[in-house]
Amino acid sequence: MDHRRADTLGTVSATPRFRFAPSPTGYLHVGNARAALFNWLEARRIGGEFLLRIEDTDRERSSSDLTENILESMRWLGLDWDGDIVHQAEHLDAHVDGARSLLAAGQAYWCDCTPEDVDGRRTDKSASGYDGHCRDRDIAEGPTTALRFRAPDEGTISFDDLIRGDVTFDVATIEDFVLLRSSGLPVFLLSNAMDDASMGITHVVRGEDHVNGTPKYLLLRDALDLGRPDVFAHLPMLVNESRKKLSKRRDSVAVGDFRERGYLPQAMRNYLALLGWGPKDDVEIRPIAEIIERFRLEDVNPAPAFFDEKKLEHFNAEYVRALSTDEFIDAVTPFLDQPAATLEPIRQMAPALQQRVRLLPDAEPMVDFLHLDQPVRDDASWEKVMVKNVDTARQMLAAALEAFGEVDWDHEALHACLLAVGEANGLKLGKAQAPIRVAVTGRTVGPPLFESLEVLGRDATLGRMRAALDALP
RNA sequence: GCCCCCAUCGUCCAGCGGCCUAGGACGCCUGCCUUUCACGCAGGUAACACGGGUUCGAAUCCCGUUGGGGGUGCCA
C-alpha cells in the first residue's frame with residue numbers, strides 16, 4: 001500500500017520492481033511458475049522487489065480457491081514476494097476512470113458493433129481486428145456500447161526487449177481495441193497497464209504470448225501519461241511434445257500435481273531455472289543462492305523450450321539423495337502407507353531407500369513387505385526365480401531356513417550365513433539370495449536384503465520362507 | 001491471411017569471429033563395481049536447418065529460403 005501511495009504522490013523509487021501477475025482462472029502451472037521464478041531470480045539478484053498481483057477482473061472465471069492454490073504453489077516453490085498482494089479487482093474503479101479520461105480527451109469512443117458486424121464488414125482477408133467503423137459516428141454511451149481506444153493511424157511503436165532486442169510494430173496494424181466492455185468492466189490490457197504504473201513496476205517480465213499486446217499496452221501508457229517501464233523481457237514459451245504452448249487443459253502441468261506426485265520443490269525450482277537459461281560453467285544442479293547469483297535475464301534463450309519430465313525426475317532423484325536422513329523421512333512419510341509400528345524399522349532403512357527413490361512414492365513398494373501379512377507377489381519375479389529355477393529355489397529356501405534358525409539376527413551375520421549356505425550349494429551370493437528375496441519381499445528388486453530381514457525379524461522371515469517353499473510348483 | 005518472434009545432439013543448456021576435431025546435462029547403449037535394484041565409475045551414441053554474402057577466418061555478423069512458435073476476443 002504504501003508503495004502505491006508513494007508512487008501516486010510522484011515519488012520515483014530507485015529500487016527495481018518486478019511483478020508476477022497471474023489470473024486465478026486455473027491452477028498455477030509450470031509455465032507460470034517459470035515466469036514467476038525468472039522474475040524472482042532477477043529481482044533477488046539485483047536487489048529489487050518482487051510483487052504479486054492477482055488479476056481477478058474476470059469475475060466469471062476467477063475464484064478465491066484458485067487464488068489460494070496459486071499462493072500455495074508459490075510458497076511451496078519458495079518464491080516469496082514483497083509487500084501486500086494486490087488484487088486487481090479492487091482497482092476497477094480507477095481503471096474505469098482512466099478509460100473515461102481518454103473518452104473525455106477524445107482518445108476513445110463508444111462503439112455498438114457486434115462481433116458479427118465487424119466480421120461481416122471484413123472484405124480484405126489480410127485485415128484483422130476492428131475496422132474503426134464507429135470512430136466518428138459519435139455514438140452515445142448505452143447498454144450495448146463498448147468503449148474503444150482511438151489508436152494512431154500511422155507511425156511505429158517499438159520497445160527494447162532484454163531477451164529479444166528491439167521489437168517494432170507498425171501502428172497501422174493496431175486496431176481500435178476495446179477499453180471498457182458493454183458490461184462496463186475494463187479489459188485486461190487497461191487494468192494491466194494502469195496497475196503496473198500505479199505499482200511502480202520497472203521490469204515487466206512475462207511470457208512471449210504478451211509480445212503482441214505490448215504496443216497496445218504502450219499506447220495506453222502514453223495516452224494516459226503514465227510513463228513506461230524501464231525494462232521489458234518476454235520469456236520463451238514452455239512447450240509440450242508436439243511443441244505447442246503448454247496448456248492447463250491439454251497437458252497435466254499443475255505445480256500442485258507435481259508436488260502430489262512426489263517431487264521436491266528444490267528440484268522443481270532448479271529444473272525450471274534451466275528452461276531457457278543455463279549457467280556458463282555448465283553446473284546444472286546447485287543451490288538456489290548460486291543460481292540467483294549467476295542468473296541474468298539478458299542471457300535467457302529466446303526460443304521455446306520443451307518441459308522434459310525425464311530430466312526433472314533425474315533432478316529430483318539427486319535432490320532426494322542430497323537430503324539428510326531426517327529430511328528424507330519427513331519428506332517420504334506422507335507418501336507411505338504404513339502403520340505406526342513399522343515407522344521405526346523404516347527409519348533404519350531410510351538411507352538405503354533414499355538411494356533408490358527417484359520420486360517419493362517409489363518408497364512404498366520397497367517397504368510394503370514390512371507391514372503386509374504376505375508380501376505382494378510380483379508375477380514376473382516369481383516366475384523367474386521360483387518357477388524357472390525351482391530346484392535352486394527349493395534348495396536355498398530349505399537350507400537357509402535351517403541356517404537362519406540359529407544365526408544372530410543382524411544383517412552382517414545374515415550376510416555371512418547366506419554366503420556360506422550359497423557356497424555349500426555351489427551358488428554365488430547373487431544367485432543364492434534371489435529365492436529368499438522373492439519369498440520375503442515378493443520381488444527380485446528392492447533395498448539390500450539382509451538389512452531388510454533384520455528389520456522384519458526372524459519369525460516373520462522364516463514364516464514367509466516356509467510359505468514360499470510350500471507354494472513352489 | 002496478416003503481425004511479432006525464433007532456429008546448436010532426440011531433449012535442455014554452453015558457445016557471443018580464430019581456443020570447435022562444437023562442450024555439459026537428461027535420455028539411450030556398453031562395460032566395471034556389486035547381495036538384487038539403485039548409486040558410483042569408465043566409455044559410446046548424437047547437432048551448428050538450407051542457400052547466399054561479409055571476413056584472412058563464421059556455429060558465431062548480414063540477407064534470403066525453409067521450418068517452428070506466439071498473437072490476431074467486448075479472455076487473461
Side-chain angles (χ1 to χ4, degrees), chain A residues 21-26 55-58 60-62 88 111 113-115 118 124-130 144-148 161 163-165 167-170 173-175 177-183 185 187-189 191-192 207-215 234 236-237 239 241 243-245 271 274-285 299 301-315 317 321 352-358 362 366 381 385 411 414-415 418-419 422 428-434 436-438 441 443-451:
Chain A
S23 70
T25 54
E55 306 216 319
D56 47 3
T57 51
D58 184 347
E60 310 277 291
R61 299 197 303 145
S62 299
Q88 190 161 67
C111 165
C113 298
T114 63
V118 177
D124 181 358
K125 288 237 179 82
S126 71
S128 73
Y130 182 67
T144 62
T145 57
L147 187 71
R148 286 184 183 274
D161 189 293
I163 298 173
R164 285 151 218 284
V167 182
T168 301
F169 291 82
D170 182 347
T173 64
I174 296 170
E175 65 186 307
F177 55 95
V178 169
L179 259 20
L180 296 179
R181 295 185 260 251
S182 48
S183 65
L185 288 175
V187 298
F188 155 78
L189 220 35
S191 297
N192 190 260
E208 192 192 345
D209 46 352
H210 291 284
V211 170
N212 290 278
T214 304
H234 288 94
M237 303 310 293
V239 298
E241 302 85 330
R243 311 240 26 123
K244 296 288 181 205
K245 171 179 162 184
Y271 175 68
L274 266 27
L275 248 24
W277 176 80
K280 310 274 181 226
D281 62 6
D282 283 338
V283 177
E284 298 192 318
I285 296 181
D299 289 339
N301 185 337
F306 171 64
F307 183 84
D308 185 1
E309 202 173 332
K310 281 261 183 60
K311 187 154 179 172
L312 205 212
E313 204 176 297
H314 172 261
F315 274 38
R321 271 181 253 125
L353 295 178
Q354 196 174 346
Q355 198 71 229
R356 289 160 179 65
V357 164
R358 287 175 72 80
D362 295 345
M366 294 179 192
S381 297
V385 176
H411 66 273
L414 285 162
H415 184 176
L418 197 71
L419 186 64
K428 285 191 176 177
L429 193 50
K431 290 278 186 202
Q433 56 93 41
I436 317 298
R437 179 183 291 280
V438 175
T441 71
R443 302 182 181 84
T444 53
V445 302
L449 181 61
F450 307 113
E451 287 77 355

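Just so we're on the same page: letters track the sequence lines, and every chain starts at 1. In this text, all values refer to a predicted model and were calculated from it rather than measured experimentally.
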Rounding to an integer number of Å, can you tell me how far [X] [atom1] sits from [N] [atom2]?
X	N	atom1	atom2	answer
Arg181(A)	rC74(B)	CZ	C1'	7 Å
Asp299(A)	rC12(B)	CG	C1'	16 Å
Tyr130(A)	rC3(B)	OH	P	22 Å

- Query: Taking only residues two or more places apart in sequence, or in another chain, which ones meet Asp209(A) in a salt bridge (charged side-chain N to carboxylate O under 4.0 Å, His left out)?
  - Reply: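 Result, salt bridge (charged side-chain N to carboxylate O under 4.0 Å, His left out) vs Asp209(A): Lys245(A).
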- Query: Considering residues at least two apart in sequence or located in another chain, which fulfil the salt bridge (charged side-chain N to carboxylate O under 4.0 Å, His left out) criterion with Asp299(A)?
  - Reply: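 Per chain and number, Asp299(A) pairs via salt bridge (charged side-chain N to carboxylate O under 4.0 Å, His left out) with Lys280(A).
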Looking at every strand, decide which applies to [X] at a 4.0 Å heavy-atom threshold: base, sugar-phosphate, or nothing.
X	result
Thr144(A)	base
Gly207(A)	nothing
Lys310(A)	sugar-phosphate
Ser191(A)	nothing

- Summary of protein contacts for nucleotides 30-39 of chain B, nucleotide by nucleotide, where a base hit scores B, a sugar-phosphate-only hit scores S (4.0 Å, heavy atoms): -----BBBBS
- Message: At under 4.0 Å between heavy atoms, how does the protein contact nucleotides 6-11 of chain B? Give one character per nucleotide, 5' to 3', with B, S or -.
- Response: SS---S
- Which residues satisfy the side chain to side chain contact (heavy atoms under 4.5 Å, CB included) test with Asn212(A), sequence neighbours excluded?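 Once residues adjacent in sequence are excluded, the partners of Asn212(A) under the side chain to side chain contact (heavy atoms under 4.5 Å, CB included) criterion are Phe169(A).
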Please write out each protein N/O paired with an N/O of nucleotides 42-51 of chain B under 3.5 Å, distance rounded to 0.1 Å.
none

- Task: Could you work out which one of rC12(B), rA76(B), rC26(B) sits closest to the side chain of Glu284(A)?
- Result: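 The listed nucleotide nearest to Glu284(A)'s side chain is rC12(B).
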- Name the closest nucleotide to the Val211(A) side chain, picking from rC4(B), rA14(B), rC26(B).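 In terms of side-chain proximity for Val211(A), the closest of rC4(B), rA14(B), rC26(B) is rC4(B).
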